Amino acid sequence: MIERLNDFYDQDIISVKDFDKSKFEKVFSATDKIMKMDPNERRELGRGKTLGYLFFEPSTRTRLSFQAAMALIGGSSLGIADVSSSSTKKGESLADTVRMMSIYSDVVALRHPLDGSSRFAAEISQKPVLNAGSGTEEHPTQAIQDLYTIKKEKNKIDGLKIGIIGDLKYGRTVYSLLYALSNYDVDVRLISPESLKIRADSIYEIQKKLSLKESTNLDEFIDELDVVYVTRIQKERFPDEEEYQKVRGSYKIGLDIVSKMKDNSIILHPLPRIDEISAEVDSTKQARYFAQAEYGKFTRAALLALVLNEHDL
Ligand code: NCD
């Protein structure tokens, strides 16, 4: 009998749109297994394998959690965290840089400011490419981590009321999260300044699958939300600094806002935060954004293990 290979084996992870509910659930159950696994057994999953990372934009959590994830499954990682120290500085193309990385590693994680960059890299690379953030378009591994966090912290995803707050125009985590949530039965509330509403082409697509309402006023929804997903205003993506100045600091989650939230609600944030959640909120029971960052290590370990191994975990 020929055993079926796991669906992720040797595959790129470029967009959440390529996922259905069963694929998410498969990553979640692999994550549960990875968390509980005997460390020696876990280190077999990536033994002798190398992750190559190419980060053309700053990162703390995504890059480090990919590296920590690879170490967790017994593999190693190498890469470029600052392109100014690479041959990109001399004018080498993205295509050649990706080609080189795919020779030196078994799986490539790419972060790049251009939409379409990961899809392009996947065409060139001899090894699977994992999108670690492409322009304003998508951040699929973050969405997987976000959904897993909701599932762990709320014990379910279906039936929840989820508010997404902040920069809904330029925040790529928002798009991946919304595409991912489209597979579930959830109510979504989108709260942003008028100029940072979800892009028209995407809202059209998302509205077909998700029940959602938009507002500029956080107070309108705050007391009914189960999940409050806060995002950073993406300063670097504004074409005009003046436009950024108009919306900076639009929403600030402080203790006053937390006191209006449901007692068992949770606050998430992909991080980094600038001033949208005040430090005093960190010690409230609703604050789950650091736990969310920790789950990211395990969801990425599960993804890497699934991509690198023929069979299910
Ligand atoms: C996010 C990103 O890079 O899109 N960060 C992350 O990966 N956790 C969000 C952001 O930069 O605001």
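Worth saying up front: this structure is predicted, and the values here are computed from it rather than measured. One-based numbering, in listed order, for ligands and for the atoms of each.
Surrounding CZ of R248 are at most 12 heavy atoms belonging to other residues, nucleotides or ligands under 6.0 Å away. Residue K209 qualifies as open at atom NZ: its count of foreign heavy atoms under 6.0 Å is 12 or below.
At the top of the distance list for atom 11 (O) of ligand 1, counting protein heavy atoms only, stands R232 NH2, 2.9 Å. Residue, atom and distance of the protein heavy atom nearest to atom 4 (O) of ligand 1 are R172 NE, 2.8 Å. The shortest contact between atom 6 (C) of ligand 1 and any protein heavy atom is with L271 O, 3.4 Å.
Residues L190 and Y184 fall within the same hydrophobic cluster, defined by Ile, Leu, Val, Met, Phe, Trp and Tyr side chains chained together at heavy-atom separations under 4.5 Å.
The pair D10-K127 does not count as a salt bridge, with every side-chain nitrogen at least 4.0 angstrom from each carboxylate oxygen. Under 4.0 Å is where a charged nitrogen must lie from a carboxylate oxygen, and between E205 and K17 at least one such pair does.
For ligand 1, the atoms lying closer than 4.0 Å to a non-hydrogen atom of Q142 are 6 (C), 7 (O), 8 (N). For ligand 1, the atoms sitting less than 4.0 Å from at least one non-hydrogen atom of H139 are 2 (C), 4 (O), 6 (C), 7 (O), numbered in the order shown with element in parentheses. Near T62, with a cut-off below 4.0 Å to any heavy atom, the atoms of ligand 1 are 6 (C), 7 (O).
Annotation: R61 places no N or O atom under 3.5 Å from an N or O atom of ligand 1; distance criterion only. Backbone and side-chain nitrogen or oxygen atoms of E236 are examined, and none is located within less than 3.5 angstrom of a nitrogen or oxygen of ligand 1. At least one N or O atom of Q234, backbone or side chain, sits closer than 3.5 Å to an N or O atom of ligand 1.
Every heavy atom of E57 sits 4.0 Å or more from the atoms of ligand 1. Ligand 1 is never approached by G171 to a heavy-atom distance shorter than 4.0 Å.
Listed by first and then second residue, the ring-ring contact (aromatic ring centres under 6.0 Å, His included) pairs that reach into residues 252-308 are Y148-Y295, sequence neighbours excluded.
A tilted orientation is assigned to the rings of Y179 and Y175, their planes being inclined by 30° to 60°.
Residues satisfying the salt bridge (Lys or Arg N to Asp or Glu O under 4.0 Å) test with K152, not counting sequence neighbours, are D32.
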